[in-house]
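Inspection log for the structure reproduced underneath, given as structure tokens.
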Amino acid sequence: MLMDISLIKKQADNELALIEKAEDLVLFEKKYLGKQGLIADVFKGLKDLPENERKIAGNQANLLKNELKAVFEQKSKQIYQKRGQTENLVGKIDVSRPVPQKEIGYLHLITQAQRELTDIFKTMGFEVVLGSEIESDWYNFDALNVPKDHPARDMQDTFWLKPESSKMLLRTHTSPMQARYMETHKPPFRIVVPGRVFRNEATDVKHEAQFYQLEGLMVDENISVSSFKAIMAEFLSQYFESKVEVRLRPGYFPFVEPGFEIDAKTKGGGPARRSPKGEGGWLELMGAGMVHPNVFKAAGLQQRTKGKVNFTGFAFGCGIERLAMIKHNIPDLRLFYQNDLRFLKQF
Ligand code: DAH
């Protein structure tokens with residue numbers, strides 16, 4: 001028995017000298033000092049020894065146990081000091097100690113708003129599609145019934161890309177995706193297109209050279225202005241979390257006929273909060289209308305459906321920041337782009 005004890009000691013010393021990692025130290029503790037470890041085995045074996053030997057072996061086993069505990073503690077301190085930590089395996093971990101705070105990033109308000117808006121449309125069966133920020137003048141204008149030299153081109157001051165002969169530009173709205181989508185799909189369809197657009201405009205509280213829009217397009221048999229109004233009322237009520245009434249006023253956009261400006265009001269909260277006319281007033285929200293036959297034509301929809309499908313559609317386009325400004329009472333569009341954490345952290 002005494003032989004066993006000194007062998008265990010030698011073996012433990014050798015192993016401990018080689019240990020560098022905390023994980024190995026845990027295994028070491030288990031092997032020697034654990035409930036079913038080697039020292040425990042020695043104690044279990046004591047009862048089979050004659051009385052006189054039992055006493056001596058018991059003493060030796062106790063000594064070994066205490067010695068191993070001491071070297072284990074020392075080693076664990078060494079390892080943890082190396083790691084720059086103050087706890088060791090033996091001293092209990094202080095769970096009440098504050099954990100160093102980690103800064104975790106989160107989504108910018110524009111992205112949050114964009115996702116909220118598209119999620120609402122998804123529940124109404126709309127597909128979310130994306131276009132590209134660099135567009136040709138065909139898709140940005142011509143295909144949307146804005147011919148070259150038409151005064152309507154001036155409604156949107158455009159960043160043209162060089163060389164000018166390329167006729168490429170930074171899209172001034174998300175509407176080009178109407179034409180692109182209709183070129184490759186047959187009705188019925190309903191889509192929304194979120195994305196960044198660019199205008200060569202001076203910056204002020206309501207204008208930035210870049211901002212985000214959400215475009216919508218729904219084409220099917222028997223789509224009427226009342227279908228559009230119902231979808232708008234549902235969409236706005238969900239986004240502003242209160243019942244929203246929708247009003248249409250005549251408005252001019254070359255790609256729709258008739259075209260509307262959409263106003264909205266709520267009983268409390270929502271758009272009414274920032275209405276210039278005060279509580280309960282109407283607030284202008286977006287442009288919309290029934291898709292112009294020339295837009296269907298430019299996308300080749302009639303030819304592809306061979307006139308067999310009798311379809312109509314509506315389209316709308318709204319500013320994403322504008323909706324978020326109204327919802328959250330944000331006074332200045334430029335705040336979205338200044339990266340001021342005091343602003344961003346509020347959302
Ligand atoms: N594209 C227009 C703009 O940026 C907004 C718009 C108006 C989109 C009417 C539409 C629409 O789809 O039908 O000013």
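The first residue of the sequence shown is numbered 1, and numbering continues consecutively from there.
Contact record, L285 with R322: O-NE, 4.0 Å, taken as the closest heavy-atom pair. Across A61 and I5, no two heavy atoms sit closer than the pair N-CD1, 3.8 Å. In terms of heavy-atom proximity, I320 sits nearest to L214 at CG1-N, 3.9 Å. Across T118 and V192, no two heavy atoms sit closer than the pair CG2-CG2, 4.3 Å. Considering all non-hydrogen atoms of both residues, K206 and L333 come closest at O-CD2, 3.3 Å. Residues T203 and A209 share a closest heavy-atom pair of OG1-N, 4.4 Å.
Judged by distance alone, the side chain of D220 and the main-chain N or O of P188 form no donor-acceptor pair under 3.5 Å. A donor-acceptor contact shorter than 3.5 Å is absent between the side chain of E257 and the backbone of H292. Side chain of K75 to backbone of I19: a donor-acceptor contact under 3.5 angstrom is found.
For the pairing with V193, the side chain to side chain contact (heavy atoms under 4.5 Å, CB included) check across Q213, E127, M177 returns one residue only, M177.
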Exercise for review: Evaluate the criterion side-chain contact (heavy atoms from CB on, under 4.5 Å) for residue pair L64 and Y32; output intermediate values, then yes/no.
Suggested key: CA-CA 10 Å; L64 177 61; Y32 291 95; over 6 Å; no

Practice item. Could you please spell out the steps behind the ring-ring contact (aromatic ring centres under 6.0 Å, His included) verdict for F311 and F296? Key: CA-CA 10 Å; F311 50 80; F296 286 139; 5.0 Å; yes

Review point. Would T312 and V291 count as a side-chain contact (heavy atoms from CB on, under 4.5 Å) if you check the C-alpha gap in whole Å, the side-chain angles of each, and the deciding distance to 0.1 Å?
Key: CA-CA 7 Å; T312 48; V291 180; over 6 Å; no

Practice item. Take L117 and F235, measure what side-chain contact (heavy atoms from CB on, under 4.5 Å) needs, and give me the verdict at the end. Key: CA-CA 8 Å; L117 296 168; F235 151 57; 3.4 Å; yes

Exercise for review: Let me see the working for E234 and Q238 under side-chain hydrogen bond (donor to acceptor under 3.5 Å, both in side chains), right down to the final yes or no.
Suggested key: CA-CA 6 Å; E234 175 61 23; Q238 281 200 39; 2.8 Å; yes

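Side-chain contact between F126 and L217: absent, with no pair of heavy atoms (C-beta onward) separated by less than 4.5 Å. Side-chain contact between F189 and M182: present, with at least one pair of heavy atoms (C-beta onward) separated by less than 4.5 Å. When side chains are defined from C-beta on, L109 counts as touching H328, because their heavy atoms get closer than 4.5 Å.
Salt bridge annotation for D13-K10: absent, with no cationic side-chain nitrogen under 4.0 angstrom from a carboxylate oxygen. A salt bridge does not link D340 with K345: every distance from a Lys NZ or Arg NE/NH1/NH2 to an Asp or Glu carboxylate oxygen is 4.0 Å or more.
A cation-pi arrangement, defined by a distance under 6.0 Å to the six-membered ring centre and an angle within 45 degrees of its axis, is present between R180 and Y139.
Using bins of under 30°, 30° to 60° and over 60° for the plane-to-plane angle, the ring pair F316/F228 lands in the tilted bin. Ring planes of F72 and F28: parallel class, angle under 30° (limits at 30 and 60°).
Taking the six-membered ring where the residue is Trp, the centroids of F253 and H173 are separated by 6.0 Å or more.
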